[in-house]
Each structure stands twice: as C-alpha cells, then as structure tokens.
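For reference, the structure I am asking about is given below.
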Amino acid sequence: MKLRAILNRVICVALALSSGQLWAGNYGVSPLDFNFSAANKSGVLTVVNEDKRDLEIRIRPTTWTQDAAGQDNYQDANDLVVFPRRLTLKPGEKKIIRVGLNDVQTSNEKAYRVYLEEIAPPEDPNDKSVKLSVLINVGIPVFVTPAQTDGATHGEQQYA
C-alpha cells in the first residue's frame, strides 16, 4: 500500500512539472538556535530572501514540550515575544526579527520554537498554467536556562 501512495505522489508531481512551473522557497535564516538566560534575554534572527520573487513570512512563537511517548507538542507561546509577526522581503533583501522573553526567571529549563512559515504568493487570475508551490517552514529552537538555585545570584562572588 505504501508503494502505491509513493507512486501516486511521484505521478502527480511529474504531471504538474510537465505542464507548469515549480516554485520552491529560497531563503536563509541565521542563527539556527537561541540559548537564553538571566544574562541573555533576547536575540535577533536574520532572514535573507535569496529568491527572484517577493517572499512573505509569518512568524509564530510556540512552546515546545514532549509527552511520555516522546512526541513533540507545540502550543502558542505568550511569554516568548517576536517582532515583527509578519514580514515581506523583496528579492535579495535582508531583514531582522527580534526574539525575547518576558521573564527568564525559571527553575526548570524551558524550550520553544520560533516558526517562520512561508506564505503562498497570490495567484494571478489571468494565468491558467498549472503551478506547484513548495512552501518552506523553519522551526528555530529556543532554550531558556533555569535560574541558579544554589543560593547565589547572578553577579555575586562567593568567598571560601
């Protein structure tokens, strides 16, 4: 049964390619992860449009947890702040996205993902050709280190 499903997909893609165009998102993102702490509460993502067409991206912060079976669970995050939440880049253009936390005081490590979701370009009603668009979504991991719990506070020196 799996072989049949794979063959059907290959045939669909081949038909689409033979009579139209294929658009695949082409953009770069850096850095590929963040590690926040009490000393480092924010950072900047850089997005570069390396395509020949305009690129529109929606940015969505989520909490990242795992259940007992090891399955990833994502929920919209209210304590992870991103700005802007949506951006448009012209070909060759570079923009930044600011990422930060409302509060980094935690006794447990926290994990998030910032999703950059490419939005499909608007369709031209006069263009009757068949097109296949591949939209790229990127999930940037964000980790928050717990506050020190040994009685010392950030910046204090301990003497023997």
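Quick caveat, the model's predicted, so the values are computed rather than measured. Residue numbers run from 1 in the order of the sequence given.
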(message) Can you confirm whether Glu109 sits close enough to Pro146 that some side-chain heavy atom of one is under 4.5 Å from a side-chain heavy atom of the other?
(response) yes
(message) Return the NZ to CD distance between Lys94 and Glu50, rounded to the nearest 0.5 Å.
(response) 10.0 Å
(message) Just so I know, are the side chains of Thr46 and Ser30 near enough to count as touching, which here means a heavy-atom distance under 4.5 Å?
(response) yes
(request) Evaluate salt bridge (Lys or Arg N to Asp or Glu O under 4.0 Å) for Glu118 paired with Arg86, printing each intermediate quantity in order. (result) CA-CA 10 Å; Glu118 185 177 0; Arg86 191 177 193 126; over 6 Å; no
(message) Check whether Asn40 reaches the backbone of Asn35 with its side chain - one donor and one acceptor, N or O, closer than 3.5 Å.
(response) yes
(request) Hey, could you give me the CZ/CG distance between Arg60 and Leu80, rounded to the nearest 0.5 Å? (result) 12.0 Å
(request) List the atom of Val144, the atom of Tyr112, and the distance in Å for their closest heavy-atom pair. (result) CG2-CE1, 3.7 Å
(request) State, with a plain yes or no, whether a side-chain heavy atom of Pro121 is found less than 4.5 Å away from one of Arg53. (result) yes
(request) Following the transitive rule for hydrophobic clusters with a side-chain heavy-atom cut-off under 4.5 Å over Ile, Leu, Val, Met, Phe, Trp and Tyr, establish whether Ile59 and Ile136 coincide in one cluster. (result) yes
(message) Check whether Lys95 reaches the backbone of Thr88 with its side chain - one donor and one acceptor, N or O, closer than 3.5 Å.
(response) yes
(request) Could you tell me which non-hydrogen atom of Trp64 sits nearest to which non-hydrogen atom of Phe143, and how far apart they are? (result) CZ3-CZ, 3.8 Å
(request) Looking only at non-hydrogen atoms, find the nearest pair between Ile119 and Ile57 and report the distance. (result) CD1-C, 4.2 Å
(request) Identify the two heavy atoms, one from Leu45 and one from Pro31, that lie closest to each other, and give their separation to 0.1 Å. (result) CD2-O, 3.4 Å
(message) Would you say that more than 12 heavy atoms from the other residues, nucleotides or ligands in this model lie under 6.0 Å from the CG of Asp67, or not?
(response) yes
(message) Quick check: closest heavy atoms across Leu89 and Asn49, and the distance to 0.1 Å?
(response) O-ND2, 3.1 Å
(request) Please report the C-alpha distance between Asn137 and Glu117 in whole Å, then the side-chain angles of each, then the deciding distance to 0.1 Å, and finally whether the side chain to side chain donor-acceptor pair (under 3.5 Å) criterion is met. (result) CA-CA 4 Å; Asn137 294 335; Glu117 301 171 340; 5.1 Å; no
(message) Please tell me whether Val48 and Ile140 are part of a single hydrophobic cluster in this structure, the criterion being side-chain heavy atoms less than 4.5 Å apart.
(response) no
(message) In this structure, is the centre-to-centre distance between the rings of Tyr115 and Tyr74 below 6.0 Å?
(response) yes
(request) Decide yes or no for Arg113 and Thr62: does some side-chain heavy atom of the first lie under 4.5 Å from some side-chain heavy atom of the second? (result) yes
(message) Count I, L, V, M, F, W, Y as connected when their side-chain heavy atoms are under 4.5 Å apart, and connections chain through other members. Are Leu101 and Ile96 then in the same cluster?
(response) no
(request) Assess whether side chain to side chain contact (heavy atoms under 4.5 Å, CB included) is satisfied between Lys110 and Asp79, documenting all intermediate values. (result) CA-CA 11 Å; Lys110 289 185 178 181; Asp79 52 344; 3.6 Å; yes
(message) Within the 4.5 Å heavy-atom criterion, are Val99 and Val81 side-chain neighbours or not?
(response) no
(request) Report the C-alpha distance between Asp51 and Tyr27 in whole Å, list the side-chain angles of each, state the deciding distance to 0.1 Å, and finish with yes or no for side chain to side chain contact (heavy atoms under 4.5 Å, CB included). (result) CA-CA 7 Å; Asp51 211 333; Tyr27 64 95; over 6 Å; no
(message) When you compare the side chains of Asp72 and Gln66, does any donor N or O come within less than 3.5 Å of an acceptor on the partner?
(response) yes
(request) Looking only at non-hydrogen atoms, find the nearest pair between Thr63 and Ala77 and report the distance. (result) N-CB, 3.8 Å
